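Order of the sequence lines sets the chain letters (A, B, ...), proteins ahead of strands, with each chain counted from 1. Since the model is a prediction, treat every value here as computed from it, not as a measurement.
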2 protein chains.
Amino acid sequence: MRTYTPAEAAERSGFSVDTLRYYEREGILAPVARTAGGRRTYSDSDLSTLDFLRCLRDAGMPIERLRRYGELCRDPNTIAERIALLREHAVAVDNQIDQLRRYRARVDEKIAWYEGSAG
Amino acid sequence: MRTYTPAEAAERSGFSVDTLRYYEREGILAPVARTAGGRRTYSDSDLSTLDFLRCLRDAGMPIERLRRYGELCRDPNTIAERIALLREHAVAVDNQIDQLRRYRARVDEKIAWYEGSAG
DNA sequence: ATTCAACCTGGAGCGCGCTCCAGGTCAAGC
DNA sequence: GCTTGACCTGGAGCGCGCTCCAGGTTGAAT
């Protein structure tokens, strides 16, 4: 149950300190606890949230959807909506994977063609 | 061996007319033939180039690499370099696919967890 | 007590990849 | 001949997702 400074949170989450502040400002991350002096103290729970947000982000979820997910996570009566949002994103990821495979195949064809015509 | 107006080229390639001009300005696409009056006339060859560029672009190749590929295509003695560039990109696409699969798995886990804890 | 790095805020700036605009030209149809 | 819409150029502007900055505060170490 220890806490983390912004620099530690940045290192562990892979987001920059600036991005952590930005996510909080944007309402993606819930307001983080503070010391008496006003410094942020990230909890283990904040870090695991950030870890999953990073996964969603890197999987191409736009900021706006990320914010929506963050909002839902602050209301305990939204499990169904969260599942729906994640399912939707899973479909988007599947489509992206399929697309990439097709592109990948075309690149291979092109390489083969170059090798045939000049190699 | 017919030619296409900018509007037709845009429709067939899926790029906007503005983007076609932009790609030409940026040296991604070789200078397109013109009518006496200065209007662009895209050839079938331009269109097939655009089609492949679209594939590369949608597969995440940044503009800078796209330009490099475009440049190489204007010099007939660069087949080996083109192959190298495409191979490199193929690896990048493979990595992206792997990453996406991992993210996809985590999203599934999260969904399962939500369903277990609330559904 | 002093230093100094890490932190704070609000707001401006940036890089990418287009996209749009002003002001003018060209050419098909009437 | 005139209209009209697609086209031309150079350059400004935009949306996203951060990233950086100025100017000030905090607090651990010396």
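A donor atom on one side chain and an acceptor atom on the other are found under 3.5 Å apart for A/S43 and A/D46.
Note: CZ (A/R67) to P (D/dC18) measures 12 Å, nearest angstrom. Summarising the geometry, the separation between CG on A/L20 and P on C/dA6 is reported as 16 Å, rounded to the nearest angstrom. At whole-Å resolution of the value, CD in B/E24 and P in C/dG17 are 19 Å apart. Counting to the nearest Å, the P atom of D/dG5 and the CD atom of B/E8 are 18 Å from each other.
Residue A/Y23 is in sugar-phosphate contact alone, with no base atom involved, counting any heavy-atom pair closer than 4.0 Å across all strands shown.
Taking 4.0 angstrom as the limit, A/S16 places a side-chain polar atom (N or O) nearer than this to OP1 or OP2 of D/dT19. The phosphate of C/dA6 (OP1 or OP2) has no side-chain N or O of A/T5 nearer than 4.0 angstrom.
Dense packing is recorded around CD of B/E26, with more than 12 heavy atoms of other residues, nucleotides or ligands lying under 6.0 Å away. Around atom CD of B/E11, no more than 12 heavy atoms belonging to other residues, nucleotides or ligands sit under 6.0 Å away.
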Salt bridge (charged side-chain N to carboxylate O under 4.0 Å, His left out) assessment of A/R102 paired with B/D58: CA-CA 11 Å; A/R102 278 196 282 277; B/D58 287 354; over 6 Å; no
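Contacts between residues 29-45 of chain A and DNA chain C, defined by a heavy-atom separation under 4.0 Å, are made by A/R34, A/G38, A/R39, A/R40.
Rounding to the nearest 0.5 Å places OH of B/Y103 at 11.0 Å from CD of A/Q96.
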Per-nucleotide protein contact string for nucleotides 10-16 of chain C, where B marks a base within reach and S marks sugar-phosphate only (heavy atoms under 4.0 Å, - for neither): -B-----
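No donor-acceptor pair under 3.5 Å is formed between the side chain of B/R104 and the backbone N or O of A/V93.
Residue A/T78 forms a side-chain hydrogen bond (donor to acceptor under 3.5 Å, both in side chains) with just one option from A/R74, A/E81, A/R82, and that option is A/R82.
In terms of the side chain to side chain donor-acceptor pair (under 3.5 Å) criterion, B/T41 has no residue partners (sequence neighbours excluded).
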